[in-house]
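As structure tokens, the structure follows; a few thoughts come after it.
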Amino acid sequence: MKRDDVGHDFTYDRSSMSAHAIATAIEQEVSAFRNLRFRDQAEYLEAKDAHCARIRSLVRQLRPKIGVPEMLSFGTGRRTFGGRSFEVVAKIPRKLAERSASRGRQSA
């Protein structure tokens, strides 16, 4: 494994890690960073930047493994998500809704 400037291991076998293994690696990174002690602010900022880069890399690996929920707000109609069924409708701006409602009253 490679080490960063502070001495942490940061290279993971990206090809064979499961979502569970990636989540565990994120927890380990957080734990390791919390246990560090720094001599000055510059050392802290360098370590923080390296830590954030490692976490960002792990999250980028994790996202495709857990999947991305479908975009619910772009299409209208009946949807089921997480065992719940609901209707997605197009929202009209308030001014337009008021105008169309007043027109309906005038024609009646």
Side-chain angles (χ1 to χ4, degrees):
M1 284 193 172
K2 294 182 181 177
R3 290 189 169 294
D4 65 3
D5 298 339
V6 185
H8 294 96
D9 296 331
F10 68 96
T11 303
Y12 301 97
D13 183 9
R14 298 168 192 262
S15 60
S16 65
M17 289 180 74
S18 67
H20 183 75
I22 294 171
T24 302
I26 291 172
E27 288 176 334
Q28 290 171 349
E29 285 290 340
V30 170
S31 178
F33 186 74
R34 287 179 57 197
N35 292 333
L36 287 178
R37 297 293 172 248
F38 304 100
R39 291 176 296 223
D40 58 13
Q41 187 172 3
E43 185 179 313
Y44 165 73
L45 292 174
E46 286 179 19
K48 183 182 81 164
D49 289 345
H51 170 72
C52 290
R54 288 188 302 270
I55 295 295
R56 191 176 306 119
S57 171
L58 289 168
V59 168
R60 260 188 258 119
Q61 294 173 49
L62 181 60
R63 195 170 283 124
K65 296 201 184 270
I66 61 176
V68 179
E70 66 179 86
M71 301 288 280
L72 300 175
S73 60
F74 290 124
T76 58
R78 197 96 191 126
R79 301 290 167 98
T80 302
F81 185 74
R84 293 179 177 239
S85 182
F86 55 91
E87 178 104 17
V88 177
V89 296
K91 183 176 178 182
I92 358 178
R94 182 175 292 203
K95 295 273 186 191
L96 185 60
E98 290 171 356
R99 272 188 256 153
S100 62
S102 67
R103 286 184 190 150
R105 281 186 242 134
Q106 290 173 355
S107 64

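Counting heavy atoms from C-beta outward, Lys48 and Leu45 have side chains that approach closer than 4.5 Å. Counting only heavy atoms from C-beta outward, the side chains of Arg78 and Ser85 approach each other to under 4.5 Å.
In terms of heavy atoms, Glu29 sits closest to Leu58 at CG-CD1, 3.9 Å. Across all their heavy atoms, Gln61 and Lys65 have their closest contact at O-CG, 3.6 Å.
Within the 3.5 Å criterion, the main-chain N or O of Ala53 finds no donor-acceptor partner in the side chain of Ser57.
Between Tyr44 and Phe33, the ring planes lie tilted relative to each other; the angle falls in the 30° to 60° range.
Atoms CG and OG, from Leu62 and Ser18 in turn, are 9.5 Å apart once rounded to the nearest 0.5 Å. Here the CG-CZ distance, from Asp49 to Arg54, works out to 10.5 Å after rounding to the nearest 0.5 Å.
Taking Asp40 as the reference, Ala42, Glu43 meet the side-chain contact (heavy atoms from CB on, under 4.5 Å) condition, with sequence neighbours excluded.
More than 12 non-hydrogen atoms from other residues, nucleotides or ligands lie less than 6.0 angstrom from CD of Glu87. Within a 6.0 Å sphere centred on CZ of Arg39, heavy atoms belonging to other residues, nucleotides or ligands number 12 at most.
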